[in-house]
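These values consider heavy atoms only, across backbone and side chains, with no hydrogens, waters or symmetry-generated copies. Naming: A, B, ... by sequence-line order, numbering from 1 per chain.
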Number of protein chains: 2
Amino acid sequence: MFSKSCEYGIRATIFIASLCYNDTKVGIKEIAQEIDSPMAFTAKILQVLVKNDIIKSSKGVRGGFMVLKEDLKRITLSQIVVAIDGDSVFLRCGLGLSNCSEDHPCPVHEKFKFVKQDLAFMLENTTLEEVSIGIKKGTTFLKY
Amino acid sequence: MFSKSCEYGIRATIFIASLCYNDTKVGIKEIAQEIDSPMAFTAKILQVLVKNDIIKSSKGVRGGFMVLKEDLKRITLSQIVVAIDGDSVFLRCGLGLSNCSEDHPCPVHEKFKFVKQDLAFMLENTTLEEVSIGIKKGTTFLKY
DNA sequence: TTAATAAAAGACATAAATGTCTTTTATTGA
DNA sequence: TCAATAAAAGACATTTATGTCTTTTATTAA
């Protein structure tokens, strides 16, 4: 479904978000531990999320990553996915045709349309707040 | 969604199936042309489909690939996908957790469940007959 | 039975994704 | 101001997916 980068990116963002109620910044080492991901690789991905205004970062002593409380309702899974993997999950033809469309459909065009729409709708309507609450409460998990 | 291999595999199978009404065998060269795919690579993929009893092949003069007419209703997109990409599209956790389950869910477990179920249902209930008819009629396309 | 044909098999090549390491830049607190 | 800290940036390494080429095997028809 998504690339590894995207999976790590979503998991990291959810973890960071789960800490934002106390305005806690968190470092890359702890993030990688908590989501069981390769640290240096995850750091690269977080750079992309910072550039896309999804998470915040600050350098130096007492620096780290955080999510703004006021962004919890604004940020959706869709924004994270698009920032890392692009929009191909929603838009790309299921059979890889470059110009598949209503006028020039592949044999599964109509069937995939609904599946892709459902996925897009779900991602666009799932906020960071919604998915981070379970981590805070301990009812959902980010590793293993 | 699917690997390139899987996309080529589905497209090739649909094309071969669209010719089965006259019991026509078709060679790899023509297949690759008709679905705009790399020939040698596509040949490899067809080997997998033959081993999985999805298409038939015969060597030598007047040999080639074909789909049995009686298989048109039996073969589903799901079988092709599983043969080439495995079942990870339906079963893998959306965030890549190795043991994500109802008891130990990732934060998007419930949301992804429905999307993956819809995809699985669609693939399992779409037959080769259904998707190859448009190619025969010229209303759907396998390249560009 | 032999020559031509076409898929199967296996070795090899290239590109993309994933992952690591080192150096640089920014920030903080002593 | 300086030392410590932590993210940013960039070069590099490894693995996986994608793609190519050559040799082998099976089949057919002359």
Side-chain angles (χ1 to χ4, degrees), chain A residues 1-13 15-16 19 24-33 35-67 81 83-86 88-89 92 95-96 98, chain B residues 1-13 15-16 19 23-33 35-67 81 83-86 88-89 92 95-96:
Chain A
M1 187 82 83
F2 305 134
S3 68
K4 283 268 181 197
S5 295
C6 195
E7 291 175 356
Y8 296 150
I10 297 173
R11 279 152 61 187
T13 304
F15 174 64
I16 299 166
L19 301 177
T24 322
K25 280 177 205 157
V26 58
I28 185 59
K29 192 174 171 186
E30 187 181 347
I31 294 169
Q33 274 168 5
I35 70 171
D36 187 42
S37 69
M39 189 176 76
F41 189 49
T42 306
K44 288 288 180 195
I45 298 161
L46 294 191
Q47 288 182 24
V48 174
L49 296 175
V50 169
K51 286 211 182 75
N52 281 268
D53 200 32
I54 289 166
I55 62 178
K56 305 294 172 192
S57 72
S58 51
K59 293 184 181 179
V61 178
R62 303 183 52 79
F65 297 92
M66 66 178 300
V67 166
V81 170
I84 300 174
D85 277 355
S88 65
V89 192
R92 183 185 165 80
L95 299 187
S98 43
Chain B
M1 187 83 83
F2 306 133
S3 68
K4 283 269 181 197
S5 295
C6 196
E7 291 175 356
Y8 295 150
I10 297 173
R11 279 152 61 189
T13 305
F15 174 63
I16 300 166
L19 300 176
D23 292 308
T24 322
K25 281 177 206 155
V26 57
I28 185 60
K29 192 174 171 186
E30 186 179 348
I31 294 169
Q33 275 168 5
I35 70 171
D36 188 41
S37 70
M39 189 176 75
F41 189 50
T42 306
K44 288 287 180 198
I45 299 161
L46 294 191
Q47 288 182 25
V48 174
L49 296 175
V50 169
K51 285 212 183 74
N52 281 269
D53 200 32
I54 290 166
I55 61 178
K56 305 294 173 191
S57 72
S58 49
K59 293 184 180 179
V61 178
R62 302 181 54 78
F65 298 91
M66 66 178 299
V67 166
V81 170
I84 300 174
D85 277 355
S88 64
V89 192
R92 184 185 164 79
L95 299 188

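- Residue B:I28 is in sugar-phosphate contact alone, with no base atom involved, counting any heavy-atom pair closer than 4.0 Å across all strands shown.
- Atom CD in B:Q47 sits about 9 Å away from atom P in C:dG10, given to the nearest Å.
- In this structure, B:D85 CG and B:E7 CD are separated by 9.0 Å, a value rounded to the nearest 0.5 Å.
- Within the model, atoms CE of B:M66 and OG1 of B:T24 stand 8.0 Å from one another, a figure rounded to the nearest 0.5 Å.
- For the pair B:M39/B:K29, a side-chain contact is recorded, criterion being any heavy-atom separation below 4.5 Å from C-beta on.
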Tell me, for nucleotides 16-23 of chain D in 5' to 3' order, what letter each nucleotide earns: B for a base near a protein heavy atom under 4.0 Å, S for only sugar-phosphate near one, - for neither? --SBBB--
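- Among C:dA7, C:dA9, D:dA29, the nucleotide with an atom closest to any side-chain atom of B:F65 is C:dA7.
- D:dA6 atom C1' lies 16 Å from atom CE of A:M66, rounded to whole Å.
- Of the inter-residue distances, the one linking B:F15 atom CZ with B:Q33 atom CD reads 9.0 Å to the nearest 0.5 angstrom.
- For A:K51 and A:G63, each mapped to the nucleotide of DNA chain D holding its nearest heavy atom, the one lying further toward the 5' end belongs to A:G63.
- Remark: C1' of D:dA30 and CZ of B:R62 are 14 Å apart, rounded to the nearest angstrom.
- To the nearest 0.5 Å, atom NZ of residue A:K25 and atom OG of residue A:S58 are 3.5 Å apart.
- Following rounding to the nearest Å, A:E30 (CD) and D:dA6 (C1') show an atom-to-atom distance of 14 Å.
- Looking only at side-chain heavy atoms (C-beta outward), A:F65 and A:L49 stay at 4.5 Å or farther from each other.
- Partner of A:T13 under the side chain to side chain contact (heavy atoms under 4.5 Å, CB included) criterion, out of A:I84, A:I31, A:I55: A:I55 alone.
- Between the C1' atom of D:dA6 and the CD1 atom of A:I31 lies a distance of 11 Å, rounded to the nearest Å.
- Near DNA chain C, meaning a heavy atom under 4.0 Å away, the residues from residues 52-60 of chain B are B:S57, B:S58, B:K59, B:G60.
- Taking atom NZ of residue B:K25 and atom P of nucleotide C:dT5, one finds them 16 Å apart after rounding to whole Å.
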